[in-house]
There are 2 protein chains.
Amino acid sequence: MATRIQQKNTAAILEAALDVFSTHGFRGATVDQIARAAGLSKPNLLYYFPSKEAIHTALLDGLLEAWLDPLRALDEAGEPLDEVLGYVRRKLEMSRDFPRESRLFANEIIQGAPRIGPYLSGELKDLVDEKSRVIRHWIGDGKIAPVDPYHLFFSIWALTQHYADFDVQVHAVLGSKDIDPYPDAQAHLEAIFTRMLRP
Amino acid sequence: MATRIQQKNTAAILEAALDVFSTHGFRGATVDQIARAAGLSKPNLLYYFPSKEAIHTALLDGLLEAWLDPLRALDEAGEPLDEVLGYVRRKLEMSRDFPRESRLFANEIIQGAPRIGPYLSGELKDLVDEKSRVIRHWIGDGKIAPVDPYHLFFSIWALTQHYADFDVQVHAVLGSKDIDPYPDAQAHLEAIFTRMLRP
DNA sequence: GTCTATAAGGCGATAGAC
DNA sequence: GTCTATCGCCTTATAGAC
């Protein structure tokens, strides 16, 4: 049974760690940095988590738990094009609302997925295999244009996560620090996938 | 005037450093790791480069020098759709042939572009602004369908670089370690942009 | 040009008082 | 539960012999 203080501090640590790990990667982050951002001393932080690795694992576990939800919601019984567009919209909203989580994930993958390799070829692949059959079924019925389902999913991931992972570049190129690129991005992606999938 | 030994060792160091930096990021990489991969002792490596930072800077400078070439080649006088498809093809070939360079760049951007911020809002933005005017010109002439030029370029970058940066995930999801995903990727991307831009 | 040895400091983690 | 002090390791970089 966690006390109110424990809950508060644990939450503050995870919040601070998400900030630091997503920006600097696992090795680039320091426990001191996380502790200061959480308003705690270093030994006090290590009173709540046994090690730096443990904090990182806790973050990753929490993330992977929710990472596949948008894809799970893709419904075979729905209107095919709407279902894909809905998935794209949910993924783009995740980039907008949880960019640090996206960068935490991206850091892991780029560095060879040392901690989540089994997840990729297990849970993730299984779900993608399943939903690929749905896509192929829709294609067979003439509901959407022919497309390689796996590369379709790669495209959705790449296009939506780009706005979180490469956020700095997006803003640098658009030039205006204050403008929200997401409304235009949403319209752009909807147009892409509509043209791509309309029979 | 560099001797043959100097040229050989400098090249070996940069080659090894590209391997290590692109996989582990700047902080995650160690000089010892790079030295061993280059077949040199640590002090010997530091005889050729004054610091770890200097090696990284040399790599980044060399990369940025060539990074924009595929976009520079986009020719206003060419056939619009072919020009865009050619750019996509060149970028995808860069992902296939230089995945470590792509990951080196991705690591920098994800971590907030601490070293290349000026490049992004300088050289890169200027070139994108220029080529965006070309895209808009083509749209005005009815040569390609209306599209936001900036988000078009974001899409090209996201879709092509994904195959280098998220290589591990691509292979995990496709399931077969030995299969080359690039032929299918090329066909997929050509179909996307053809459908997207045909008037 | 290349090595062994080592300085100097940062970092993860622990000890022990309060 | 939280702190100060510190251990021990790892890492960057240098000294100095060959």
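Hydrogens, waters and symmetry mates play no part in the numbers below; they use all other heavy atoms, side chains included. Treat the numbers as computed from the prediction; the structure is a model and nothing was measured. Letters A, B, ... are given to chains in the order of the sequence lines, protein chains preceding strands, and every chain is numbered from 1.
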For the rings on Phe105(A) and Trp67(A), is their centre-to-centre separation under 6.0 Å?
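Ring centroids of Phe105(A) and Trp67(A) are less than 6.0 Å from each other.
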
His56(A)-Phe49(A) aromatic ring centre distance below 6.0 Å
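Aromatic pair excluded; centres sit 6.0 Å or further apart.
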
Hphob cluster co-occupancy, Leu71(A) + Ile116(A), side-chain heavy atoms under 4.5 angstrom:
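In one cluster with Leu71(A): Ile116(A), yes.
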
Parallel, tilted or perpendicular: which one describes the rings of Trp157(A) and His162(B), with boundaries at 30° and 60°?
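If you compare the ring of Trp157(A) with that of His162(B), the planes turn out tilted.
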
Going 5' to 3' along DNA chain D, between which two nucleotides do contacts with chain B fall, using a heavy-atom cut-off of 4.0 Å?
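Answer, 5' to 3': dT11(D) to dT14(D).
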
Between [X] and [Y], is there a side-chain N and carboxylate O pair less than 4.0 Å apart?
X         : Y         : result
Arg72(A)  : Glu130(A) : no
Lys131(B) : Glu83(B)  : no
Asp129(B) : Arg133(B) : no

Take atom [atom1] of [X] and atom [atom2] of [N], then tell me their distance rounded to the nearest Å.
X        : N       : atom1 : atom2 : value
His24(A) : dC11(C) : NE2   : P     : 11 Å
Lys52(A) : dA13(C) : NZ    : C1'   : 12 Å
Asp32(A) : dG12(C) : CG    : P     : 8 Å
Phe49(A) : dG12(C) : CZ    : P     : 16 Å
Leu46(B) : dT4(C)  : CG    : C1'   : 15 Å

Whichever of Asn44(A) and Phe26(B) has its nearest DNA chain D nucleotide further upstream toward 5':
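It is Asn44(A), whose closest nucleotide lies nearer the 5' terminus.
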
Using a 4.0 Å cut-off on heavy atoms, which residues in residues 36-43 of chain A reach DNA chain C? List them by number, or say none.
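Here the set is Lys42(A), Pro43(A).
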
Pairs involving residues 31-40 of chain B, ordered by first then second residue, that meet salt bridge (Lys or Arg N to Asp or Glu O under 4.0 Å) (sequence neighbours left out):
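Output for this query lists Asp32(B)-Arg36(B).
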
If you look at every strand shown and take non-hydrogen atoms under 4.0 Å, does Ala29(B) touch a base, only sugar-phosphate, or nothing?
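Answer is sugar-phosphate: Ala29(B) comes under 4.0 Å of backbone atoms only.
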
